[in-house]
Engineer: 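Just passing along the structure, written as structure tokens.
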Amino acid sequence: MHADLVGFGALVLIAGLLARFGRRINLPTVPFFMLAGILLGPGTPGPVLVPHPEDLGLLASLGLVLLLFHLGVEFPVEQVIGSGKRLFVAAGAYIALNIGAGLLFGFALGWGGYEAFVIAGALGISSSAIATKLLIELRRLANAETPVILGIIVIEDLFLALYLALLSPLLSGAGSAGELALRIGLSFGYLVVLFAVARYGARLVGKIIDSNEDELLAILMVGLVVLVAGISAEIGVSDAIGALMIGLVVSRTPIRERVERLVLPLRDVFAAVFFVAFGLSINVSAIGSVALPVLLAVLLTVVTNVLAGLIAGRLFGLNQRGAANVGLTVLGRGEFSLILATLALAAGLDARLGPFIALYVLVLAVTSPLLAANSRYLARIIPDRFLHGNWRYVREETMSTACTHLDRINITESDAEACPQCVESGDDWVQLRMCLTCGAVGCCSDSVNSHAEEHYRQTGHPLIRSLEPGEHWRYCYIDGALVREPMGATRGE
């Protein structure tokens with residue numbers, strides 16, 4: 001007993017130290033928790049701190065339940081309901097491309113039909129935690145594409161509930177088509193009941209678990225979550241989806257903010273145990289057999305994400321940099337892929353799913369931040385015809401929604417067809433720019449003299465616009481970002 005405590009404590013401590021190292025190099029914590037379990041588990045030669053991973057089963061389940069519960073509590077239902085049609089189209093395209101490609105890839109592997117559905121979910125659902133952290137760490141919260149990214153991952157989280165409801169009956173091993181249909185109907189009926197509780201019974205639930213003391217509120221909250229998750233599992237619906245739905249119920253109560261604050265440290269600790277326990281279950285000797293499929297899966301995910309980013313960019317009038325940011329920011333896979341792998345292994349599906357998804361998540365968790373941080377290189381090779389407008393000279397520039405210098409705009413039109421200073425000196429120019437404060441016209445930064453930028457340095461006038469036919473964008477020198485003109489703007493407006 002004491003040896004088990006020593007081994008478990010040492011493993012969690014090492015996992016925390018590895019994750020702290022990962023944060024220092026701007027990588028997410030999830031792959032390092034998994035890595036600790038893999039390196040110090042029974043499936044890897046060397047020291048073994050926890051020889052029987054099944055001993056952590058209850059703690060790992062609690063981590064999974066709290067992870068999904070917290071997601072439900074945070075879920076912005078009103079934001080999704082109030083989102084415009086374009087956002088639903090963009091998110092639908094992202095989900096359809098990634099889930100569809102993942103399903104085809106799963107069937108192509110030939111591991112089994114149910115396995116293909118698990119692989120589709122693992123490849124198709126991004127990590128909202130990794131995407132959100134990237135937006136913060138890369139300082140892109142004020143970018144024009146950020147609301148699109150946040151909207152996609154929010155709608156994705158809603159889709160996760162439906163996908164889990166569909167997948168649970170498949171994993172439960174229904175013996176016939178009729179039994180399968182019955183279980184699917186039961187799962188969706190259970191979802192409807194919990195949605196109804198969220199709509200009409202949230203206040204009663206809040207009264208049941210409410211307390212003036214944080215200690216009692218935390219105890220009542222955990223008890224409710226575990227109870228609902230257990231009941232969900234008993235009736236054939238995943239405990240994860242039960243936790244997610246009771247989180248949605250609590251999110252509509254007056255105690256939401258207190259619950260969110262109290263559950264956060266519990267979620268972080270037990271979710272770490274969940275990821276570590278998943279790593280403990282991985283046999284390193286099996287990773288070699290899935291290395292090639294993982295590489296193909298990663299390449300497929302990059303391609304489908306970039307395509308989804310282009311669709312979102314076209315829908316929202318983004319330039320190449322914005323479209324690339326959309327696709328590469330939501331590239332990471334993490335907690336949801338591992339949840340699906342855990343459910344699949346518990347259902348007795350192909351054992352290769354564990355190492356396949358583990359390696360897939362590890363590779364993307366490392367590469368997605370690197371690709372997102374260097375999205376400008378992808379922006380260089382995206383043709384103009386894929387997006388609205390002519391972005392030839394500004395395809396790598398960030399588009400911002402937070403420019404505070406728009407009050408400096410006094411002049412928006414010009415009939416100039418030449419750079420006066422270049423004409424005077426007898427030099428050529430590439431493109432023309434106009435100062436939106438005083439109307440001065442100068443050549444662009446790709447020209448020999450860069451008179452537009454020189455004008456900014458001399459006067460401090462921050463905003464310019466392109467005078468090239470078909471180009472509708474403005475640029476702020478102070479913010480170093482594009483401020484695109486409204487759709488349909490013309491030079492003479």
Engineer: Would you indicate whether the side-chain heavy atoms of Ile339 and Leu67 approach each other to under 4.5 Å?
Structural biologist: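 SC-SC contact between Leu67 and Ile339 confirmed.
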Engineer: Spell out, as yes or no, whether a donor-acceptor pair under 3.5 Å connects the side chain of Asn374 to the backbone of Leu370.
Structural biologist: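 Here the side-chain-to-backbone pair exists.
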Engineer: Where is the tightest heavy-atom contact between Pro293 and Leu109, given as atom of each residue plus distance?
Structural biologist: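 Shortest heavy-atom contact: CB-CD2, 3.9 Å.
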Engineer: Test: salt bridge (Lys or Arg N to Asp or Glu O under 4.0 Å). Region: residues 346-356. Which pairs qualify, not counting sequence neighbours?
Structural biologist: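 The answer is Asp350-Arg352.
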Engineer: Of all the heavy-atom pairs spanning Ala297 and Leu123, show the shortest one and how long it is.
Structural biologist: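 It is CB-CD2, 4.0 Å.
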Engineer: Nearest 0.5 angstrom please: Glu257 CD to Ile255 CD1, how far?
Structural biologist: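 Answer rounded to 0.5 Å: 11.5 Å.
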Engineer: Hey, could you give me the CG/CG distance between Asn98 and Leu300, rounded to the nearest 0.5 Å?
Structural biologist: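 Between Asn98 CG and Leu300 CG, I get 8.0 Å after rounding to 0.5 Å.
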Engineer: Is any side-chain heavy atom of Val226 closer than 4.5 Å to a side-chain heavy atom of Val222?
Structural biologist: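 Counting from C-beta outward, Val226 and Val222 do come under 4.5 Å.
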Engineer: Parallel, tilted or perpendicular: which fits the ring planes of Trp111 and Phe356, with parallel below 30° and perpendicular above 60°?
Structural biologist: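 Rings of Trp111 and Phe356: perpendicular, over 60°.
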Engineer: Only counting residues at least two apart or in another chain, list the ones meeting salt bridge (Lys or Arg N to Asp or Glu O under 4.0 Å) with Glu54.
Structural biologist: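 Listed in chain order: nothing, the list is empty.
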Engineer: Okay, side chain of Thr329, backbone of Val326: is any donor-acceptor separation there less than 3.5 Å?
Structural biologist: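 No, the answer is negative, given that no donor and acceptor are paired below the 3.5 Å cut-off.
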Engineer: Where do Pro51 and Pro42 come nearest, in terms of heavy atoms and distance?
Structural biologist: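 In terms of heavy atoms, the two residues are closest at O-CG, 3.8 Å.
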Engineer: Is there a donor-acceptor pair closer than 3.5 Å between any side-chain N or O of Asn319 and the backbone N or O of Gly322?
Structural biologist: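 Checking the backbone N and O of Gly322 against the side chain of Asn319, a donor-acceptor pair under 3.5 Å is found.
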Engineer: Side chains of Leu387 and Leu318, heavy atoms from C-beta outward: is any pair under 4.5 Å?
Structural biologist: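 In short, these two side chains do not touch, never coming nearer than 4.5 Å.
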Engineer: Between Ile119 and Gly102, which heavy-atom pair has the shortest distance, and what is it?
Structural biologist: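 Minimum heavy-atom contact is CG2-O, 3.9 Å.
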Engineer: Indicate yes or no: at least one non-hydrogen side-chain atom of Ile125 is less than 4.5 angstrom from one of Arg333.
Structural biologist: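 No - every pair of side-chain heavy atoms lies 4.5 Å or more apart.
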Engineer: Where is the tightest heavy-atom contact between Ala202 and Val249, given as atom of each residue plus distance?
Structural biologist: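 Looks like CB-O, 3.6 Å.
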Engineer: Which distance, rounded to the nearest 0.5 Å, do you find between the CD1 of Ile209 and the OG1 of Thr253?
Structural biologist: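 Rounded to the nearest 0.5 Å, the CD1-OG1 separation comes to 6.0 Å.
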Engineer: Go through the steps for Tyr114 and Val118 under the test side-chain contact (heavy atoms from CB on, under 4.5 Å), then give the verdict.
Structural biologist: CA-CA 7 Å; Tyr114 293 166; Val118 173; 5.8 Å; no
Engineer: Could you measure the distance from the OH atom of Tyr94 to the OG1 atom of Thr304? Nearest 0.5 Å is fine.
Structural biologist: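 Result: 7.0 Å between the selected atoms.
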Engineer: Any idea which heavy atoms bring Arg376 and Glu396 closest together, and the distance?
Structural biologist: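 Residues Arg376 and Glu396, closest heavy atoms: O-CG, 3.7 Å.
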Engineer: Find the distance between CZ (Phe274) and CG (Leu64) and round it off to the nearest 0.5 Å.
Structural biologist: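 If I round to the nearest 0.5 Å, the distance is 5.0 Å.
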Engineer: Below 4.5 Å, heavy atoms only, C-beta onward: do Gln320 and Leu378 meet side chain to side chain?
Structural biologist: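 The answer is no, as the side chains (C-beta and beyond) never meet within the 4.5 Å cut-off.
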Engineer: Please check this pair: side chain of Asn283 against backbone of Ser285, looking for a donor-acceptor N/O pair closer than 3.5 Å.
Structural biologist: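 Checked: pair present.
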Engineer: Checking Phe316 against Arg86 for the side-chain contact (heavy atoms from CB on, under 4.5 Å) test, could you report, in this order, the C-alpha distance in whole Å, the side-chain angles of both residues, the deciding distance, and whether it holds?
Structural biologist: CA-CA 8 Å; Phe316 287 89; Arg86 288 185 302 172; 3.8 Å; yes
Engineer: Any idea how Phe275 and Phe33 line up, ring-wise: parallel (<30°), tilted (30 to 60°), or perpendicular (>60°)?
Structural biologist: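 Aromatic pair Phe275/Phe33 classed parallel.
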Engineer: Taking atom types as modelled, is there a side-chain donor on Arg23 or Thr29 under 3.5 Å from an acceptor on the other?
Structural biologist: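 Short answer, no.
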Engineer: Given side chains that start at C-beta, do those of Leu40 and Thr44 come closer than 4.5 Å, heavy atoms only?
Structural biologist: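 Leu40 does not reach Thr44 side chain to side chain.
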Engineer: Any chance you could measure Leu264, atom CG, to Leu66, atom CG, to the nearest 0.5 Å?
Structural biologist: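 Rounded to the nearest 0.5 Å, the CG-CG separation comes out at 11.0 Å.
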Engineer: Taking the side chain as everything from C-beta on, heavy atoms only, tell me whether Phe69 gets closer than 4.5 Å to Val73.
Structural biologist: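 They are in contact (side-chain heavy atoms under 4.5 Å apart), so the answer is yes.
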Engineer: Kindly determine whether Met34 and Leu362 satisfy side-chain contact (heavy atoms from CB on, under 4.5 Å), including the steps that lead there.
Structural biologist: CA-CA 8 Å; Met34 291 171 50; Leu362 282 170; 4.0 Å; yes
Engineer: Side chains of His52 and Leu280, heavy atoms from C-beta outward: is any pair under 4.5 Å?
Structural biologist: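 Side-chain contact under 4.5 Å: no.
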Engineer: For Val6 and Leu49, run side-chain contact (heavy atoms from CB on, under 4.5 Å): C-alpha distance rounded to whole Å, both residues' side-chain angles, the deciding distance at 0.1 Å, then the answer.
Structural biologist: CA-CA 8 Å; Val6 170; Leu49 294 181; over 6 Å; no
